[in-house]
2 protein chains.
Amino acid sequence: MNIRETDRPTEAIRSRILDAAEERFRTYGYNKTTMAEIATDVGMSAANLYRYFNNKQDLAAACASRCMGARSQILREAIRQPGLSASGQLRAFVRGTLQYSWDNTNKQPKINELVATIASQRQDIVHEKIQEQTALLAEILAYGNQSGEFEVDDVIRTARALYATLTLFEVPLFMSLYELEEFERLAQDVVALLIKGLEKRTH
Amino acid sequence: MNIRETDRPTEAIRSRILDAAEERFRTYGYNKTTMAEIATDVGMSAANLYRYFNNKQDLAAACASRCMGARSQILREAIRQPGLSASGQLRAFVRGTLQYSWDNTNKQPKINELVATIASQRQDIVHEKIQEQTALLAEILAYGNQSGEFEVDDVIRTARALYATLTLFEVPLFMSLYELEEFERLAQDVVALLIKGLEKRTH
DNA sequence: AAACTGAATAATCAATATAATATTCAATAT
DNA sequence: ATATTGAATATTATATTGATTATTCAGTTT
């Protein structure tokens, strides 16, 4: 039987499996985690895991997807803080992006490596995550347009462009390039430049 | 004896070794190229290579550095075409950056892999290349300031920020994310946004 | 002395065997 | 019928060893 997407109890078990797998992957890494160990942690046989995930790779992919989703969630909360202007939201977005990448790279290297591996193999997941982040940026732009702070013609397209400019602060590969302080300064300068490009001109 | 930097004939031989090595690396890759083969190509013994490079890795690093330098040279020529406005130069820079990365990734995969490996091991080389590219961007900004097209306060700092925003178009790792046409559109949108941020405002 | 080489040594790679693990499946329990 | 398992099989990782290659160095040539 195929894996069902809509079954609630099945989903709950999938989630428990992912919890166990993530914990193992975080501590020991992908290669040194066995299906048998995950199964034991969740209280079932290794064979039964295959009712919930096609294979170990798929399990890891779901795990990675979940981790990337956590990033989106954190950013969502960061920009939705009350009282922020649109440019304040954008600053919060970039600050949050950098901070998350930095922390992840340095504090969760095993998970991070997993995510990098999956990202290089599963473009569909990467595009899904790009889409999530871009939607957040679009939200900021739309708000800026509405408040009169920004003047953005094509919100979606500009959100995509904006996201593209933030690659350096997003991808763990680059985290070793600079010290955190240097990175933060650079991020500030980038944001300042971008905001200037978005702002409404008073002719 | 240590490797001398200033000796002309020695430099010429170093250069010939690099030519031979680059050709081998390009065709067969780093691992499947032996020091003996490079030595034969250049007409000397393998032992003698060690008078010019400390080891194979250093030779590869010099080779990678040279390849990255070629990129800078191409971009330099692209932006120094006569008749370009500052924003035209910036567009040429970004177009050139993307095109070079794209071509390299698809047409010189072996060399590309070598460069990626060296880049991950030798940050000093990466920073040197960032410096080269940033200098070109600074040149564009200074020109824009002078022509009245741009209004940039701190040219160096803004050049660094600009360079940071172009990471997606620079790093081969990302070239598989989009089709070339999609990438070009994205690059255009990014440049348009950046130019808006740089332009002099008429209050 | 500086550039170079052949031969010796050290480090790395490739092939093979072995062990561990992923995955499947027939059978059992819920 | 669905969820589960133990055991069988297929795949992948690990360890071992022989072969290749990188590196050194004493000695030769320029």
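Remember, it's a predicted structure, so these values are computed and weren't measured experimentally. In what follows, chains carry the letters A, B, and so on, assigned in the order in which the sequence lines appear, proteins first and then strands, with residues in each chain numbered from 1.
- The aromatic rings of B:Phe25 and B:Tyr30 sit tilted relative to each other, their planes meeting at an angle between 30° and 60°.
- In this structure, the CE atom of B:Met35 is 6 Å from the P atom of D:dT23, given to the nearest Å.
- In this structure, B:Asn48 atom CG and D:dA22 atom P are separated by 16 Å, rounded to whole Å.
- Taking side-chain N and O atoms only, A:Tyr52 has a distance below 4.0 Å to OP1 or OP2 of D:dT4.
- Residue pairs satisfying the salt bridge (charged side-chain N to carboxylate O under 4.0 Å, His left out) criterion with at least one member in residues 94-110 of chain B, sequence neighbours excluded, are listed as follows: B:Asp103-B:Lys107.
- In this structure, the side-chain contact (heavy atoms from CB on, under 4.5 Å) partners of A:Ser15, at least two apart in sequence or on a different chain, are A:Asp19, A:Arg66.
- Among residues two or more places apart in sequence or in another chain, the side-chain hydrogen bond (donor to acceptor under 3.5 Å, both in side chains) test is passed with B:Ser176 by A:Gln123.
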Do any N or O atoms of the protein come closer than 3.5 Å to N or O atoms of nucleotides 13-19 of chain C, and which pairs are they?
none

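- Listed by first and then second residue, the side-chain hydrogen bond (donor to acceptor under 3.5 Å, both in side chains) pairs that reach into residues 76-92 of chain B are B:Gln73-B:Arg76, B:Gln73-B:Glu77, B:Arg80-B:Glu139, B:Ser85-B:Ser87, B:Ser87-B:Glu149, sequence neighbours excluded.
- Note: NZ (A:Lys56) to C1' (D:dT11) measures 12 Å, nearest angstrom.
- One finds no side-chain N or O of B:Tyr50 lying less than 4.0 angstrom from the OP1 or OP2 phosphate oxygen of D:dT21.
- Shown here are the side-chain hydrogen bond (donor to acceptor under 3.5 Å, both in side chains) partners of B:Gln133, two or more places apart in sequence or in another chain: B:Ser72.
- The side-chain hydrogen bond (donor to acceptor under 3.5 Å, both in side chains) check on A:Arg26 picks up A:Glu22, A:Gln108, with sequence neighbours excluded.
- Open room surrounds CD on B:Glu113; 12 or fewer heavy atoms of other groups in view lie less than 6.0 Å from it.
- If you take CZ of B:Arg51 and P of D:dT28, they are 18 Å apart, rounded to a whole angstrom.
- Judged purely by atom type and a 3.5 angstrom limit, A:Lys129 uses its side chain to pair as donor or acceptor with the backbone of A:Ser65.
- Of the residues in residues 111-120 of chain A, not one places a heavy atom less than 4.0 Å from an atom of DNA chain C.
- Applying the salt bridge (charged side-chain N to carboxylate O under 4.0 Å, His left out) rule to B:Asp41 yields the partners B:Arg24; only residues at least two apart in sequence or on another chain are considered.
- Between the side chain of B:Asn48 and the backbone N or O of B:Met44 there is no donor-acceptor pair closer than 3.5 Å.
- B:Asn55 has its CG atom 14 Å from the C1' atom of D:dT21, to the nearest Å.
- You'll find the side chain of B:Asp154 stays beyond 4.5 Å of the side chain of A:Asp189, heavy atoms only.
- Residue A:Thr34 places its side chain closer to C:dA22 than to any other of C:dA3, C:dA22, D:dT21.
- Residues of residues 38-47 of chain B that place a heavy atom closer than 4.0 Å to DNA chain C, in numerical order, are B:Met44, B:Ser45, B:Ala47.
- A straight line from CD1 of B:Ile13 to C1' of C:dA2 spans 11 Å, rounded to a whole angstrom.
- Judged by distance alone, the side chains of B:Arg51 and B:Thr10 never bring a donor and an acceptor atom under 3.5 Å apart.
- For B:Asp153, there are no side-chain hydrogen bond (donor to acceptor under 3.5 Å, both in side chains) partners two or more places apart in sequence or in a different chain.
- Bending across the helix from C:dA1-D:dT30 to C:dT30-D:dA1, expressed as the angle between its end axes from five pairs apiece, amounts to 30° (10° rounding).
- Following rounding to the nearest Å, A:Leu49 (CG) and C:dT24 (P) show an atom-to-atom distance of 12 Å.
- The nearest whole Å value for the distance from the OH atom in B:Tyr28 to the P atom in D:dT20 is 19 Å.
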